[in-house]
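Just below is one structure, and these are the notes that go with it.
On a predicted model such as this, the values are computed, not experimentally measured, just so you know. FYI, the numbering just counts along the sequence from 1. Both ligands and their constituent atoms are indexed starting at 1 by order of listing.
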Amino acid sequence: PLKAVIFDLDGVIADTAVVHHAAWKRLAEEIGVPFDEATGERMKGVDRRGSLEILLQAATRSFTEDEKHALAAHKNDYYRAQIERFGPQDLLPGARSAIEQVRQAGLKVALASASRNAGLLLERLGIADLFDVVVDANRISRSKPDPEIFLAAASALGVAPNECMGVEDAVAGIASIHAAGMAAVGIGQASALAEADLVLPDIAAFDIQMVTTNRTA
Ligand code: B16
Ligand code: MG
């Protein structure tokens, strides 16, 4: 039986993808590295350092560890300045309802986010108290698509992985959920998320009855 639902944050609950994108674009311009939509897409669900490595693939010179550290910190300053101003109005439509539906169905709720800013975001969005467990990149060592983050969430909930379902907007995230032995709901375009067990166009389409019936992993 399904006992818990584990949500991704960026791209599922809040539309921070555009904010991440803008911050990377600004950094890319400052250091003279080309940055296009496809590069931005590949960064989704990937942690900060991994995203920087993706950006620097297009660079014409190499960067030292210290430089990379500074660049990642710089991007994060841009990003944080924006999300400091976030509020409940920045929740994606239907996000709060999706989480509440899961709770009302008697299931547990966790968050599995690759973002080190997840705690700040949950506070700003006003939904921190809706989660039984929050696992972010500060607590894990291997990034999505590794299953570690979803397994850590299940373990903290005290629920077996095959009793959990993950909800993700990124290809790396769907892979992480499946590698953890869980069913995966994709949020976004079916063509991009073909590996998911069920794809919904957005979180507003989330219906706990329908999702439970479709659980096939
Ligand atoms: P930060 P998620 C991920 O969050 C984003 O999808 C990804 O684009 C971002 O690079 C990553 O968080 C790291 O974020 O720089 O704030 O630590 O989708 O796993 O909630
Ligand atoms: Mg995401």
Side-chain angles (χ1 to χ4, degrees), residues 5-28 35 37-57 68-84 86 90-92 95 98-99 109-125 127-128 131 133-153 166-177 179-180 184-189 192-193 195-196 199-200 202-203 206:
V5 178
I6 306 172
F7 290 92
D8 171 47
L9 178 55
D10 293 316
V12 171
I13 289 172
D15 196 8
T16 43
V18 288
V19 187
H20 279 297
H21 192 276
W24 284 120
K25 189 163 187 285
R26 187 167 167 189
L27 181 75
F35 181 70
E37 290 298 320
T39 309
E41 198 58 33
R42 281 167 58 215
M43 290 175 169
K44 277 192 184 167
V46 178
D47 66 11
R48 196 179 310 161
R49 183 53 192 263
S51 297
L52 178 67
E53 296 293 349
I54 290 172
L55 176 71
L56 295 182
Q57 282 168 10
K68 287 180 183 178
H69 193 80
L71 291 176
H74 211 47
K75 179 267 173 180
N76 194 49
D77 289 342
Y78 292 149
Y79 179 71
R80 271 189 91 102
Q82 296 303 312
I83 61 168
E84 286 284 0
F86 265 44
D90 294 299
L91 280 166
L92 282 166
I99 301 163
V109 187
L111 187 87
S113 173
S115 174
R116 290 177 194 269
N117 296 298
L120 170 66
L121 257 175
L122 292 182
E123 291 299 333
R124 289 286 185 270
L125 296 168
I127 54 169
F131 293 91
V133 158
V134 173
V135 182
D136 66 27
N138 296 305
R139 284 175 53 184
I140 57 142
S141 54
R142 292 181 302 278
S143 204
K144 299 169 186 178
D146 189 281
E148 183 182 8
I149 192 164
F150 283 94
L151 289 174
V167 185
E168 260 285 355
D169 69 313
V171 175
I174 301 287
S176 173
I177 294 168
V185 175
I187 302 293
Q189 289 193 328
L193 302 172
E195 296 298 319
V199 180
L200 303 174
D202 47 45
I203 195 69
F206 186 95

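On a distance-only criterion, Lys44 and ligand 1 share no N/O pair closer than 3.5 Å. Residue Ser113 has at least one N or O atom closer than 3.5 Å to an N or O atom of ligand 1. Geometrically, ligand 1 and Asn76 share no nitrogen or oxygen pair separated by less than 3.5 Å. Polar contact with ligand 1: absent for Asp169 (N/O pair, distance under 3.5 Å). Geometrically, ligand 1 and Ala112 share no nitrogen or oxygen pair separated by less than 3.5 Å.
Here the heavy atom of the protein found nearest to atom 15 (O) of ligand 1 is Arg48 NE, 2.8 Å. At the top of the distance list for atom 13 (C) of ligand 1, counting protein heavy atoms only, stands Ala114 O, 3.5 Å.
Lys75 and His20 share a side-chain donor-acceptor pair at under 3.5 Å.
Taking all atoms of both residues into account, the shortest heavy-atom contact from Leu121 to Thr16 is CD1-CG2, 3.7 Å. Across all non-hydrogen atoms, the minimal contact from Ala98 to Phe206 is CB-CD2, 3.6 Å. Listed here is the closest heavy atom pair of Asp169 and Leu193: O-CD2, 3.6 Å. Here the closest heavy-atom approach between residue Arg26 and residue Tyr78 is recorded as CZ-CE2, 3.2 Å.
Of the possible polar contacts, one joining the Ser51 side chain to the Val46 backbone as a donor-acceptor pair under 3.5 Å is found. Judged by distance alone, the side chain of Asn117 and the main-chain N or O of Leu120 form no donor-acceptor pair under 3.5 Å. Of the possible donor and acceptor atoms, one in the side chain of Arg139 sits under 3.5 Å from a partner among the backbone N and O of Val134. Side chain of Arg124 to backbone of Glu84: a donor-acceptor contact under 3.5 angstrom is found. Here the side chain of Glu148 pairs a donor or acceptor atom with the backbone of Ser141 at under 3.5 angstrom. Ser176 places a side-chain N or O within 3.5 Å of a backbone atom of Asp146 that can act as its donor or acceptor partner.
The atoms of ligand 1 that sit less than 4.0 Å from any heavy atom of Met43 are 7 (C), 8 (O). Interface of Arg116 with ligand 1, defined as ligand atoms under 4.0 Å from a residue heavy atom, comprises 1 (P), 16 (O), 17 (O). For ligand 1, the atoms sitting less than 4.0 Å from at least one non-hydrogen atom of Ser51 are 10 (O), numbered in the order shown with element in parentheses. Remark: ligand 1 atoms within the under-4.0 Å shell around heavy atoms of Asn117 are 1 (P), 16 (O). Counting the atoms of ligand 1 from 1 in the order shown, those under 4.0 Å from a heavy atom of Gly45 are 5 (C), 6 (O), 7 (C), 8 (O). Proximity to Leu9 (heavy-atom distance under 4.0 Å) selects the following atoms of ligand 1: 20 (O). Numbered from 1 in the order shown, with element, the atoms of ligand 1 that lie under 4.0 Å from a heavy atom of Asp8 read 2 (P), 18 (O), 19 (O), 20 (O).
Only side-chain heavy atoms of His20 come within less than 4.0 Å of ligand 1; its backbone N, CA, C and O stay farther off. For Lys144, every heavy-atom contact with ligand 1 shorter than 4.0 Å involves the side chain, none the backbone. By the criterion of a heavy-atom distance under 4.0 Å, neither the backbone nor the side chain of Val12 is placed next to ligand 1.
For the residues Val46, Asp10, Ile83, the heavy atom positioned nearest atom 11 (C) of ligand 1 is part of Val46.
Within Asp10, O is the N, O or S atom that lies nearest to the Mg ion (ligand 2). Its N, O or S atom nearest to the Mg ion (ligand 2) is what matters here, and for Asp169 that atom is OD1.
At most 12 non-hydrogen atoms from other residues, nucleotides or ligands lie less than 6.0 angstrom from NZ of Lys25.
For residue Asp8, an N/O/S atom approaches the Mg ion (ligand 2) to within less than 2.8 Å.
Taking the six-membered ring where the residue is Trp, His21 and Phe35 present tilted rings, their angle falling between 30° and 60°.
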